[in-house]
Amino acid sequence: MSDTESFFGDPDPIFADKELLRVSHLPEGDRIIGREKELGNLANAIKDAKRGGTPNNVLIYGKTGTGKSLCSKYITRDLTEAAADNGVHVDVAYIDCFQDSTETQVVRTIAKSFNDRDETGVTVPVSGVSTSDYYRRLWKIVDARLDVGIIILDEIDKLEDDNILMQLSRAAEAEKVNDSTLGIIGISNKIRYKESLNERVKSSLSERDLVFPPYDANQLRAILSSRADAFREGVLDDEVIPKVAALAAKEHGDARKAIGILRYTGEIADEHSDDRVRIEYVDEAHDREEEARLAELIGKQPEHSKYLLQGLALQIQQSTDPDVMIPSKQVYSAYEVVCEREGTDPLKIRRVRDLLSELAFLSLIEQDRKGRGKGKGAHTVNRLVDAPELVVEACKSV
DNA sequence: CCTCCACAGGAATTTGCGGGGT
DNA sequence: ACCCCGCAAATTCCTGTGGAGG
């Protein structure tokens, strides 16, 4: 900043309303683009809830950033309002199964989000209660407060246990709840998810199936254009949106990513004190978006998983070959060094093996099994998916 | 195709935590 | 204030096996 007057006083030269480019931003109905048919199907599946009837359970498939969560949130909000006009009390619980992956965590979070202590007199403690107790409390809350409870289970394929699905889908027939009814909207990235369920759950959970296809470049362009008001008038070059849309379409048709890249493009322009958002900034914005994703994923990992990633990164950086695979035992030694530096006691190797395979499941590392010859046994070797420098950077932030 | 063993990974057990019940 | 319970994380114990070299 060269002149002192522009520290805080001046309006943002690039952005008029940055909120429009947040991923959490929930647009109005006419701003959801290219999903008219899907919204219609979804609305149709749960419409009975408007009059207090039982909604159909729905399973939604589609890759990340195809608008699954967005449409579910939008349509259930709409439903809640429409039902309220009919004097029907509908409430929606949104569960991210990536965060809450065990049965107990899920019941607890549902109970918590439906609960209103003043109305029900029921508390939902974070711990100290058994799973069945959480269920008891949940049924009590639902009966006391709601006519219809809609439960959105996002990333449902990350659930470790499908007992919760059994309980929820059969709550009404098992007379766990009396005057109320429940509807489940399951959201999965994996098309084949349904096959992994047992028959009972499968038939009750997927009364309706919906598939959300990836967005094509035209749709992405329309989505980005609809959020172009985020920028001040005239600062956004005409070629920027088509280029961002083309990049995102080429990769996965991920709208969230496209919006992220557009936001970073604006931020980079701002950092250059440029008063125009130029096409030249798009590639760097693309890189930045990927780094941010990595940092977000790593940030959510437990402390010791981060130390492991750092240890592995360290070993890889010491080697001349960038594609080396490090045996788990060596990763463990490097990890012990990192722990020493951080002043923490290292976990035992058995636990570390479990953490490593979790990291592999998240595609943060890749594992492979190698034998070492007669009488030498077989072992697992590890490698980072992303560049070591990026990983170390991501571990330090947060 | 067989062999051999260090390591993988399943199962049982302990530890730590944060609540209820009394 | 005390003890006890259930869960999740971590540890301990232990058996089974992947796969290069023979």
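Convention: sequence-line order gives letters A, B, ...; per-chain numbering from 1. Please read all numbers here as calculations on a predicted model, not as lab measurements.
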Could you work out which one of [options] sits closest to the side chain of [X]?
| X | options | result |
| --- | --- | --- |
| A:Thr104 | C:dC7, B:dA8, C:dA10 | C:dC7 |
| A:Arg350 | B:dG20, C:dG18, B:dA11 | B:dA11 |
| A:Thr102 | B:dG19, C:dA8, C:dG18 | C:dA8 |

Think [X] has a side-chain N or O under 4.0 angstrom from the OP1 or OP2 of [N]?
| X | N | result |
| --- | --- | --- |
| A:Ser328 | B:dA8 | yes |
| A:Ser130 | C:dC7 | no |
| A:Thr380 | B:dA8 | yes |

For [X], which contact category applies under a 4.0 Å heavy-atom criterion: base, sugar-phosphate, or nothing?
| X | result |
| --- | --- |
| A:Gly377 | base |
| A:Ser357 | nothing |
| A:Arg372 | sugar-phosphate |
| A:Arg353 | base |

Rounded distance in Å - [atom1] ([X]) to [atom2] ([N]):
| X | N | atom1 | atom2 | result |
| --- | --- | --- | --- | --- |
| A:Phe361 | B:dG9 | CZ | C1' | 17 Å |
| A:Asn382 | B:dC7 | CG | C1' | 13 Å |
| A:Arg351 | B:dT14 | CZ | P | 18 Å |
| A:Asp133 | B:dG20 | CG | P | 9 Å |
| A:Lys329 | B:dC5 | NZ | C1' | 13 Å |
| A:Lys374 | B:dT3 | NZ | P | 8 Å |
| A:Tyr332 | B:dA8 | OH | C1' | 16 Å |
| A:Lys348 | B:dT15 | NZ | P | 13 Å |

- Aromatic centroids of A:Phe15 and A:Phe231 separated by under 6.0 Å: yes
- Message: Between A:His272 and A:Tyr281, is the ring centroid distance below 6.0 Å?
- Response: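 Here the rings of A:Tyr281 and A:His272 have centres that are less than 6.0 Å from each other.
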- Do other residues, nucleotides or ligands put more than 12 heavy atoms under 6.0 Å from the CG atom of A:Asp238? no
- Query: So which one's nearest nucleotide on DNA chain B is more toward 5', A:Arg137 or A:Ile349?
  - Reply: A:Ile349
- Query: Between A:Arg263 (side chain) and A:Leu21 (backbone), is there a donor-acceptor pair under 3.5 Å?
  - Reply: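 It does hold such a pair.
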- Keeping the roles fixed (side chain from A:Asn86, backbone from A:Lys50), state whether a donor-acceptor pair exists under 3.5 Å.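 Yes: the side chain of A:Asn86 pairs with the backbone of A:Lys50.
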